[in-house]
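When a ligand or atom number is given, it counts from 1 through the structure's own listing order.
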Amino acid sequence: MHRNTGIKDIPPHFYWGSLELDYSTAIAANVALQNCTVMPRRWYVDARFRCADCGNEFLWSAKEQQVWFETYKFFVDSLKTRCDECCLRRSEVLHLRQEYDALIGEARSQGSVEQKERILEILEKLESSCGPLPDKMCETRELFCKQLMKLNGASEH
Ligand SMILES: [Zn+2]
């Protein structure tokens, strides 16, 4: 059976890639609440990482880990790899992509002006968070811009 190991014996894969661990912040884990197959986390400690997206340092706090693993039941080997801002940006991007996918079919075939304007808005936001858009999206943008310009032109007469 597992020995009750000390804080400094935390297996390295639990904080793989971390820049710094602060053992003074250690919280003892409630192993029974973890989603774990073989080796549970016995301790949570404040850890600093470099964000995989923006490269800034961020803190993954012992308290946050306790919530991740004991309340949200994230798999015990999971690691936080992105800062909060980048996580938020990624989830916004994901939602925009889902909205785009849900709208695009109808918007292309018999779309209303509102739908096309919304698609253009989504594309603008995606471009500002993710950089250059894929060709297919650029084509859509050009097409909708032309169609909307035509409509605006026509309504002036
Ligand atoms: Zn980041």
Checklist line | Parallel, tilted or perpendicular: ring planes of Y44 versus F69, cut at 30 and 60 degrees | finding: parallel

Donor-acceptor contacts under 3.5 Å from residues 51-64 side chains, at least two apart:
| unit_1 | atom_1 | unit_2 | atom_2 | d |
| --- | --- | --- | --- | --- |
| D53 | OD1 | R82 | NE | 3.1 |
| D53 | OD1 | R90 | NH1 | 3.4 |
| D53 | OD2 | R82 | NE | 3.1 |
| D53 | OD2 | R90 | NH1 | 3.0 |
| E57 | OE1 | R48 | NE | 3.2 |
| S61 | OG | E64 | N | 3.1 |
| E64 | OE2 | K80 | NZ | 2.8 |

Next item on the list: Begin from the C-alpha positions of L133 and L126 and carry the test side-chain contact (heavy atoms from CB on, under 4.5 Å) through to its verdict.
Entry: CA-CA 8 Å; L133 298 169; L126 285 175; 3.9 Å; yes

Checklist line | Closer than 2.8 Å to the Zn ion (ligand 1) - protein N, O or S atoms, ordered by chain and residue number | finding: C51 SG, C54 SG, C83 SG, C86 SG

Margin query: List the residues meeting side-chain contact (heavy atoms from CB on, under 4.5 Å) with E124, not counting sequence neighbours, and say none if there are none.
Written below: none

Note to self: Run Y15 and E20 through side-chain hydrogen bond (donor to acceptor under 3.5 Å, both in side chains) and show every step you take.
What the structure shows: CA-CA 9 Å; Y15 294 100; E20 193 189 332; over 6 Å; no

Under 3.5 Å donor-acceptor pairs involving side-chain atoms of residues 91-105, not counting sequence neighbours:
| unit_1 | atom_1 | unit_2 | atom_2 | d |
| --- | --- | --- | --- | --- |
| S91 | OG | L88 | O | 3.1 |
| H95 | ND1 | S91 | O | 3.0 |
| E99 | OE1 | R118 | NH2 | 2.8 |
| E99 | OE2 | R118 | NE | 2.7 |

